[in-house]
Amino acid sequence: MMSRSQGETADREFPLAELLSPDAYPLAGRSAGGQKTLIELKGASLGDGGFTLIAGPCAVESYEQYSETAHLIIKHGLKLMRGGAFKPRTSPYSFDGLRQEGLDIIARVKKETSVLSVTELMSTEDIGAVVPVADIVQVGSRNMQNFPLLRAVGGIGKPVLLKRGFGNTLRELLMAAEYIMKAGNPQVILCERGIRTFDSSQRNTLDVMAVPILQSTTHLPVILDPSHSVGTPRFIPAAIRAALAVGADGVIVEIHPHPEEALSDGAQSLSPDEFSAMMNDIGALARALDRRLS
Ligand code: PEP
Ligand code: MN
């Protein structure tokens, strides 16, 4: 008789064993029975078994827009607010963020409300400006393998939200996390935000299976971005239900007080009514799954 290691089970597990063995990641790898990484902020957490929603506009556009969105988030009992002052745009003619003015708006709204900020850092040059106003620093899809930037955020002492490149494997995502951790920062959150496939029915194809596969390999929290993947408000609630059901630690979702006026990603941003409907919609599922929303 064949032993288990020679038989079918071993063969069927070959790709995972080869590419996603926790042993391949000295810092990000999850040892058997090991603890998950818990990200704790003032009044918010990620990775504690709850389902954490990060919501907000794609870009900070004005004080009024950012402040109005902050109040919407607070009304729904959320704490973590997204919004970029530095925006990576495909076209150099598109609005690419208010930069320092945007950071000043984030700082002002944080002072006036209780929201915490998740905002993107695109370049090592801007570390000194971005990091002081950020509670979580986002490294975007296009920068997932910007190794100098990864090393630099290894030294900031704040959690990093690392988004999967739209053309990158999960192994490459984990190795990018490993760069940040090796440079001294253990607080990394992984984000699946859709990958490029032949199918254009979603903006990017949401790889829901990234969640359980990553969670079996790493102790880091894993969240999904339904906005940049699915790309249309119509299917975003379904993607968030999938995130909840598959065991993601949370989601990051784009909302805008007036999506039709948004300077970036308005087409995929939930309006206030769509956001409220989505929150009601997932509330019942979260209760059924015994997962606390925050
Ligand atoms: C964003 O979060 O607005 C963004 C640009 O995301 P990504 O890097 O995943 O494209
Ligand atoms: Mn966006």
Side-chain angles (χ1 to χ4, degrees), residues 52-61 65-66 69 73 80-92 94-99 102-103 106 116-123 126 130 134-146 149-150 153 159-170 172-173 176-177 180 188-197 202-208 210-211 214 222-233 236 239-240 243 248 250-271 274-275:
T52 306
L53 288 109
I54 303 168
C58 181
V60 183
E61 297 169 2
Q65 171 248 20
Y66 196 74
T69 314
I73 283 168
L80 285 165
M81 177 162 180
R82 60 153 293 144
F86 293 86
K87 295 303 306 175
R89 301 307 301 272
T90 299
S91 163
S94 299
F95 170 73
D96 65 352
L98 295 180
R99 299 163 185 270
L103 295 174
I106 294 174
L116 301 175
S117 141
V118 180
T119 197
E120 180 158 354
L121 174 67
M122 284 179 59
S123 159
D126 303 315
V130 172
D135 295 286
I136 297 179
V137 172
Q138 178 172 326
V139 172
S141 187
R142 291 156 190 82
N143 269 322
M144 191 203 86
Q145 285 187 312
N146 179 337
L149 186 64
L150 297 178
V153 295
V160 176
L161 172 55
L162 177 65
K163 299 188 83 173
R164 179 185 186 181
F166 50 72
N168 286 110
T169 63
L170 296 181
E172 288 163 345
L173 173 61
I180 299 171
V188 181
I189 302 150
L190 303 176
C191 178
E192 154 61 29
R193 48 76 78 204
I195 49 176
R196 186 164 284 177
T197 70
Q202 297 174 66
R203 181 179 173 187
N204 291 280
T205 301
L206 180 62
D207 180 8
V208 173
V211 176
L214 287 170
V222 182
I223 68 171
L224 288 182
D225 175 343
S227 304
H228 294 86
S229 49
V230 174
T232 168
I236 285 174
I240 297 179
V251 286
I252 177 166
V253 60
E254 286 183 343
I255 65 173
H256 194 288
H258 311 282
E260 62 294 345
E261 290 168 16
L263 299 178
S264 80
D265 283 348
Q268 68 194 25
S269 299
L270 301 181
S271 67
E274 288 165 338
F275 178 50

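Worth knowing before you read on, the calculation uses all heavy atoms, side chains too, and leaves out hydrogens, waters and symmetry mates. Just follow the structure's listing: the first ligand is 1, and inside any ligand the first atom is 1.
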- Item | Element-labelled atoms of ligand 1 that are located less than 4.0 Å from some non-hydrogen atom of C58 | 3 (O)
- Item | Heteroatom proximity flag, Q138 to ligand 1, N/O under 3.5 Å | yes
- Are the side chains of V211 and E192 in touch, meaning some heavy atoms are under 4.5 Å apart? no
- Message: Donor-acceptor check, side chain of Q65 to backbone of E61, threshold 3.5 angstrom: yes or no?
- Response: yes
- Does ligand 1 have an atom under 4.0 Å from some heavy atom of G84? no
- Message: Whether the side chain of T69 engages the backbone of H256 through a donor-acceptor N/O pair (distance < 3.5 Å, no angle test) should be reported.
- Response: no
- Under 3.5 Å donor-acceptor, R82 side chain and P57 backbone: yes
- Is a side-chain N or O of N204 found less than 3.5 angstrom from the main chain of H228, in a donor-acceptor match? yes
- Message: Would the distance check show the side chain of S141 and the main-chain N or O of F166 forming a donor-acceptor pair, the cut-off being under 3.5 Å?
- Response: yes
- Kindly give the atom name of the N, O or S atom of D265 closest to the Mn ion (ligand 2). OD2
- Message: When you measure from the side chain of D135 to the backbone of S117, do you find a donor-acceptor pair of N or O atoms at a distance under 3.5 Å?
- Response: yes
- One finds that the ligand 1 atoms under 4.0 Å from a non-hydrogen atom of G140 are 8 (O)
- Nitrogen or oxygen of R142 less than 3.5 angstrom from that of ligand 1: yes
- Task: Can you pull out the closest protein heavy atom to atom 10 (O) of ligand 1? Residue, atom name and distance to 0.1 Å, please.
- Result: R193 NH2, 2.8 Å
- Task: Taking D126 for its side chain and L121 for its backbone only, find out whether a donor-acceptor pair lies under 3.5 Å.
- Result: no
- Sub-4.0 Å atoms of ligand 1 with respect to non-hydrogen atoms of E254: 3 (O)
- re atom 4 (C) of ligand 1, the protein heavy-atom contact at minimum distance is H228 NE2, 3.4 Å
- Task: May I ask you to list the atoms of ligand 1 that are less than 4.0 angstrom from any heavy atom of S141?
- Result: 7 (P), 8 (O), 9 (O), 10 (O)
- Enclosure of R89 CZ (heavy-atom neighbours >12, cutoff 6.0 Å): yes
- Relative to the Mn ion (ligand 2), which of the N, O or S atoms in H228 is the closest? NE2
- Restricting to N/O/S, name the atom of E254 that gets closest to the Mn ion (ligand 2). OE2
- Nearest-neighbour protein heavy atom for atom 6 (O) of ligand 1, which is reported as residue plus atom name and distance: K163 NZ, 2.9 Å
- R164 heavy atom under 4.0 Å from ligand 1: no
